[in-house]
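Reviewing the structure listed below.
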Amino acid sequence: MTVRSWLPGRLIATLCALALPIASATAQPQPAGRVLVLTTGGTIASRASGPMTDGPALVRAIPELARVASVEVEEISRIASSQMTPRDWLRMARQVNARFAADQALRGIVVTHGTDTMEETAYFLTLTVRDARPVVMVGSMRGSDEVSADGPANLLNGVRVAMSAEAKGQGVLVVLNEDIGDARDVWKTDNRRASTFRSPERGFLGAADPDSIVFFRRALRAHTTASEFDVRTVDALPAVEIISDYAGFDSTIMQAAVARRPGGIVLASFAGGRLSAGARASVRLAAAAGIPVVVASRVPGGRIVGTPLGDLPAVLARDLPPHKARVLLMLALTKGRERAMLQSVFDRY
Ligand code: ASP
């Protein structure tokens with residue numbers, strides 16, 4: 001006997017009406033696109049109870065991802081980001097460019113990464129990824145098995161941003177603590193707190209709010225498809241040292257650095273690009289050895305302007321901090337060593 005034969009018509013109609021929303025709520029809507037997650041290690045994968053979590057396990061731990069995108073995950077390393085090297089940056093750039101070139105349907109790529117050197121990797125990728133689609137870097141300040149681990153929320157938000165139409169053309173983004181930072185401007189400012197990434201002077205590009213991904217501004221400095229740096233044929237990057245000026249600096253450190261014959265040297269100066277007497281002598285020493293020097297301020301706010309170096313033959317990093325000036329100088333040196341060309345690069349990126 002079927003249900004229909006003894007239930008009055010009105011009751012059947014009511015039951016059918018009730019069943020519809022339940023059926024639609026349980027039938028998961030198919031996500032609108034595909035996102036690739038590349039995992040590299042870092043605190044987001046770390047465990048107090050043992051070795052780092054592997055990439056697929058990181059994604060499996062967040063079932064909510066299935067509602068945002070079809071996620072593909074690939075582990076490319078499992079290291080603390082303090083162990084990252086320029087060789088790793090090159091490999092990552094090649095992998096991102098190859099995946100984008102091979103898969104036009106991919107909406108975006110999320111890279112899970114340690115926070116210690118995330119800003120260097122992000123800046124390198126924003127200068128070398130040849131595609132306008134989103135590349136979003138995420139990490140965490142608490143390990144995967146700590147109370148209130150922040151990694152899962154950051155990874156979920158990273159995938160949400162990668163799926164956002166407004167993220168296209170913004171360059172490489174850094175997403176932690178619901179903030180969307182620009183690869184060029186973000187800076188790790190705190191040893192402990194989840195809000196560690198700040199953009200000291202320009203603020204964030206946007207926010208990963210619970211209801212939507214919102215952008216307040218666009219990244220204007222050259223990046224990704226507007227970048228002249230193509231590392232698809234670069235096997236190794238020129239070595240660039242960073243030397244910090246300090247009260248009473250003398251040039252012995254520079255002599256040792258010059259003896260290693262690096263491609264270039266970044267000199268971390270006092271505010272405004274000002275240098276100690278010893279550091280000024282060091283610039284001349286490096287220049288005489290034919291090694292380009294870029295002066296970058298140790299102070300986070302403002303651009304180096306005017307002629308703080310007088311007639312010293314050095315390039316000004318403007319508002320880039322020393323560790324990011326190093327990234328840009330490595331790439332600029334793949335184009336040449338002439339000071340005017342190098343200065344033009346630092347004025348545009
Ligand atoms: N504590 C760092 C992190 O937040 C460790 C690393 O950078 O690998 O990921």
Side-chain angles (χ1 to χ4, degrees), residues 36-62 65 73-93 95-96 109-127 135-162 172-200 204 208 237 242 300 321-327 330:
L36 169 65
V37 173
L38 298 175
T39 64
T40 71
T43 295
I44 192 170
S46 70
R47 284 185 302 183
S49 53
M52 278 189 192
T53 303
D54 63 68
L58 268 185
V59 168
R60 275 198 308 272
I62 313 169
L65 280 171
V73 53
E74 204 177 303
E75 179 172 90
I76 52 178
S77 65
R78 207 182 296 177
I79 60 173
S81 74
S82 50
Q83 309 310 308
M84 284 282 175
T85 68
R87 193 171 296 281
D88 295 307
W89 302 342
L90 269 178
R91 195 158 58 97
M92 250 181 268
Q95 279 169 306
V96 167
I109 294 177
V110 173
V111 180
T112 65
H113 190 289
T115 59
D116 288 349
T117 64
M118 183 182 284
E119 60 215 65
E120 286 99 322
T121 303
Y123 191 42
F124 183 82
L125 290 177
T126 210
L127 295 169
V135 174
V136 184
M137 299 196 67
V138 299
S140 74
M141 291 303 285
R142 286 187 287 273
S144 64
D145 55 2
E146 281 190 65
V147 174
S148 297
D150 52 327
N154 291 341
L155 178 47
L156 178 61
N157 283 332
V159 173
R160 292 177 63 219
V161 172
V172 172
L173 302 169
V174 171
V175 172
L176 274 93
N177 201 42
E178 299 188 355
D179 292 319
I180 304 175
D182 164 33
R184 183 184 188 280
D185 294 338
V186 287
W187 195 321
K188 181 173 181 179
T189 63
D190 193 290
N191 292 303
R192 282 295 316 150
R193 283 156 190 77
S195 58
T196 186
F197 279 101
R198 303 282 172 103
S199 184
F204 293 108
L237 292 162
I242 300 178
H323 55 301
K324 288 192 176 178
R326 173 173 179 256
V327 173
M330 281 180 166

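FYI, the numbering just counts along the sequence from 1. First listed ligand is number 1; within each ligand, the first listed atom is number 1.
- Looking from atom 4 (O) of ligand 1 to the surrounding protein, the closest heavy atom is Thr115 OG1, 2.5 Å.
- The main-chain N or O of Glu178 is never found under 3.5 Å from a side-chain atom of Asn157 such that the two would form a donor-acceptor pair.
- Closest non-hydrogen pair, Met84 versus Ser77, comes out as CE-OG, 4.0 Å.
- Short contacts between ligand 1 and Gly42, defined as distances under 4.0 Å to a heavy atom of the residue, involve ligand atoms 8 (O), 9 (O).
- Taking a 6.0 Å sphere around CZ of Arg87, one finds it holds 12 or fewer heavy atoms contributed by other residues, nucleotides or ligands.
- Nearest protein heavy-atom neighbour of atom 3 (C) of ligand 1: Thr43 OG1, 2.7 Å.
- Numbered from 1 in the order shown, with element, the atoms of ligand 1 that lie under 4.0 Å from a heavy atom of Ser81 read 6 (C), 7 (O), 8 (O).
- The closest approach between a heavy atom of Ser140 and any atom of ligand 1 is below 4.0 Å.
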Decide yes or no on side chain to side chain contact (heavy atoms under 4.5 Å, CB included) for Ile180 and Phe204, but give the supporting numbers first. CA-CA 6 Å; Ile180 304 175; Phe204 293 108; 5.6 Å; no
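- For a threshold of 3.5 Å applied to N or O pairs, the pair formed by Asp116 and ligand 1 contains at least one separation below that value.
- Within the 4.5 Å cutoff, no side-chain heavy atoms of Thr43 are placed close to those of Thr115.
- Between the Thr112 side chain and the Gly139 main chain, no donor and acceptor come within less than 3.5 Å of each other.
- Those atoms of ligand 1 with a heavy atom of Ala80 less than 4.0 angstrom away are 8 (O).
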